[in-house]
Amino acid sequence: MPNATDAAAEDAARLSHNAVDSLPQGGLADKLRLARAEDRQLRVKLGIDPTAPDIHLGHAVVLRKLREFQDAGHRVVLIVGDYTARVGDPSGRTTLRPMLSEAEIDANAATFQRQAGRILDDDPQRLEVRRNSEWLDMRTTELLQLLGTTTAAQLLERDDFAKRLAAGEAISMLELLYPLLQGYDSVAVDADVELGGTDQKFNLLLGRDIQRAYGQPEQAIMTMPILVGTEGRRKMSKSLANQIGVTEPPEEIYGKTMAIPDEAIEEYRRLLVDQLTPSEELPPPASAETSPRDAKRALARDVVAWLYSDQDAAAAERRFDRVHVDHEAPEEIDEASFSCEDGQLHLPGLIADEFGVSRSEARRLIDQGGVTLGDSQLAPGEHDVAPERADGQVLKVGRRRFRRLRRG
RNA sequence: GGCGGGGUUCCCGAGCGGUCAAAGGGGUCGCGCUGUAAACGCGAUGGCUCAGCCUUCGCAGGUUCGAAUCCUGCCCCCGCCA
């Protein structure tokens, strides 16, 4: 039986799998050692931003890591940044975030918490959820004490601040304050470890300084890679509209995964699908012989199976093949009823109503050969059709929008 | 307090009296192709009762035959100096 020291180091190594940074050197092992010695759980913190409530695969990377800590017996402390959401953290971006109303924040926080439950263990012993308005709504004297812990130069070291300063761009006081507030969260919850994306590195490290200033042991920090969005370039985020949400329907998740560039396949697999902690018994990863298409199909299946089930994954794949490979209509199609008083069915109006586009857009779609009625593609200018020709037919708009038409 | 820069269509960003619904890029959409909603190529991208009409270039007024482009006032944003 290995002694406690070795075991802690091994655990730390395992938990650090896929992490970009685990700081300070040996810090996590020390924390694990301490937990063993004191026979307690580590408190592993993650701050979440309730401005973007829907959890996507990018969040899932960090949440999966948290799940590993839970499975190792530790306690995850999720901090809903309901108070900091009023401040707006600009990490990795160049413009200020909009502020949200309290009602919006509450709704978003609830949504996030519910969705996180898909990945995290929600056993109260393993998961604690807090809101930072609990402690950040502080007296001015306390705020001043917090401000006293840090210098302007320290904050301006942060990469994005430094760049913006050099470029003569605006940096608001609120933004500068944000890292301090986040750091104070660590103090308030006695964090032993804090996780985040690599864009959080500065804030996580500053949390250590804040804790020290308050006479607390400093947290270990771990950063996880930022998952790229479906276009394969920029970080996955809702505002960039390149996200795959964990609650999206199976066929959407499957399809969006198929839309990622081939180069991103390996990264997606490594961060989302592979065994949480590597073990010797695992089969080798998908061989390089596999074609990108098949590798991506397998990935898409695995992601859906992870978030739903094997059956859902198989069904999603069937549907995808049917619609995108065989170019046929899916089995299940929503119906749209139409009526026509004046003898002709005006398609731009119908398409606009059914798919939420403008009539002008609908006209363009028809004119560009993007609309098919039954099995004939509509010709440019063919905006009105006889009702007999439309009734009972499948209307296909673009590659993946379908309606079965019924005269009503 | 002083000086300077700026607000353009989903985003960035050109335009600076007519040829502007407004260059170019991004994004998005469509088609083609294909191994996929990949890649690549081509095209489209304010609205509508769509060969025409209507409404846009921070807001309000004005000059002009004619303004996103000129003038006046206002609102907002940013930087620098102090």
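No experiment lies behind these values; they were computed from the predicted model shown. In what follows, chains are A, B, ... by sequence order, proteins preceding strands, each numbered from 1.
On the C1' atoms, B:U64 is 34 Å away from B:C10, given to the nearest whole Å. Separating the C1' atom of B:U72 from that of B:U63 is a span of 10 Å, rounded to the nearest Å. Separating the P atom of B:A82 from that of B:G73 is a span of 30 Å, rounded to the nearest Å. The separation of B:G26 from B:C50, taken at their C1' atoms, amounts to 29 Å, rounded to a whole angstrom. To the nearest whole angstrom, the two P atoms, one in B:C76 and one in B:G15, are 28 Å apart. B:G24 sits 33 Å from B:C77 when the P atoms are compared, rounded to a whole Å. As rounded to the nearest Å, B:G46 and B:U56 have C1' atoms that lie 7 Å from one another. Taking the C1' atom of each, B:A22 and B:C75 are spaced 25 Å apart, rounded to whole Å.
Of the two residues near RNA chain B, A:Arg399 and A:Ala352, the one whose nearest nucleotide lies more 5' is A:Arg399. In terms of position along RNA chain B, the nucleotide closest to A:Glu263 lies nearer the 5' end than the nucleotide closest to the other residue of the pair A:Glu263 and A:Gln368.
Checking B:A37, B:G30, B:G35 against the side-chain heavy atoms of A:Arg293 singles out B:G35 as nearest. You'll find that the side chain of A:Arg401 is closest to B:G30, out of B:G30, B:A38, B:C48. Listed candidates were B:G35, B:A38, B:G47. Nearest to the side chain of A:Pro261 is B:A38. In the set B:U36, B:C48, B:A37, the nucleotide with an atom closest to the side chain of A:Arg359 is B:C48. Picking from B:U49, B:U34, B:C78 the nucleotide with the shortest atom distance to the side chain of A:Ala170 gives B:C78.
Using a 4.0 Å cut-off between charged side-chain N and carboxylate O, A:Asp262 and A:Arg293 make no salt bridge. Between A:Asp11 and A:Arg14, at least one side-chain nitrogen of the basic residue sits less than 4.0 Å from a carboxylate oxygen of the acidic one, meeting the salt-bridge criterion. One finds no salt bridge joining A:Asp294 and A:Lys296 here, because no Lys/Arg side-chain nitrogen approaches an Asp/Glu carboxylate oxygen to under 4.0 Å.
Pair check for B:U63 finds none; no Watson-Crick or G-U wobble contact set falls under 3.5 Å. When both distances must be under 3.5 Å, the Watson-Crick or G-U wobble mate of B:C57 does not exist. Nucleotide B:G1 forms a Watson-Crick or G-U wobble pair with B:C81, both donor-acceptor distances falling under 3.5 Å. B:G24: Watson-Crick or G-U partner is B:C12, with both key distances under 3.5 Å. A 3.5 Å limit on both hydrogen-bonding distances identifies B:C40 as the Watson-Crick or G-U partner of B:G32.
With sequence neighbours left out, A:His59 forms a ring-ring contact (aromatic ring centres under 6.0 Å, His included) with A:His56, A:Phe112.
The nearest whole Å value for the distance from the CG atom in A:Leu365 to the C1' atom in B:U45 is 10 Å. Atom NE2 of A:His346 and atom C1' of B:C48 are 9 Å apart (whole Å). Atom CD of A:Glu382 is separated from atom P of B:C50 by 16 Å (rounded to the nearest Å). We find that CG of A:Leu240 is positioned 13 Å from P of B:C12, with the value rounded to whole Å. Whole-Å rounding puts the A:Arg400 CZ to B:C29 P distance at 7 Å. As a whole-Å value, the separation of A:Ile366 CD1 from B:A44 P is 18 Å. Protein atom CG of A:Asp262 is 12 Å distant from nucleotide atom P of B:U36, rounded to whole Å. Summarising the geometry, the separation between NE2 on A:His327 and C1' on B:U34 is reported as 8 Å, rounded to the nearest angstrom.
Between B:A37 and A:His324, a contact under 4.0 Å exists linking OP1 or OP2 to a side-chain N or O. For A:Ser360 and B:C48, the shortest distance from a side-chain N or O to OP1 or OP2 is below 4.0 Å.
For the pair A:Arg64 and A:Trp306, the distance from NZ or CZ to the six-membered ring centre is under 6.0 Å and the angle to the ring normal is within 45 degrees. Geometrically, A:Arg403 does not engage A:Phe338 in a cation-pi contact, judged by NZ or CZ lying under 6.0 Å from the ring centre and within 45° of the ring axis. A cation-pi contact, defined as under 6.0 Å to the ring centre and within 45° of the axis, is absent between A:Arg164 and A:Phe161.
Heavy atoms of A:Glu317 sit nowhere under 4.0 angstrom from any nucleic acid atom. Nucleic acid contact class of A:Pro348 (heavy atoms, under 4.0 Å, all strands): none. Using a 4.0 Å heavy-atom distance criterion, A:Val323 is classed as making no nucleic acid contact. In this structure, A:Tyr254 reaches neither bases nor backbone, as no heavy-atom distance under 4.0 Å exists between it and the strands shown. Residue contacts for A:Gly255: at a heavy-atom cut-off of 4.0 Å it reaches a base atom on one of the strands shown.
The base of B:C50 sits within donor-acceptor range of the side chain of A:Arg363, with an N or O pair under 3.5 Å. Between the side chain of A:Arg364 and the base of B:A44, no donor-acceptor pair of N or O atoms lies under 3.5 Å. With hydrogens and angles ignored, no donor-acceptor pair under 3.5 angstrom links the side chain of A:Ser358 to the base of B:C48. Between the base of B:G35 and the side chain of A:Asp294 there is no donor-acceptor pair shorter than 3.5 Å.
Rounded to the nearest 0.5 Å, atoms CD1 (A:Ile221) and CG (A:Leu23) are 4.5 Å apart.
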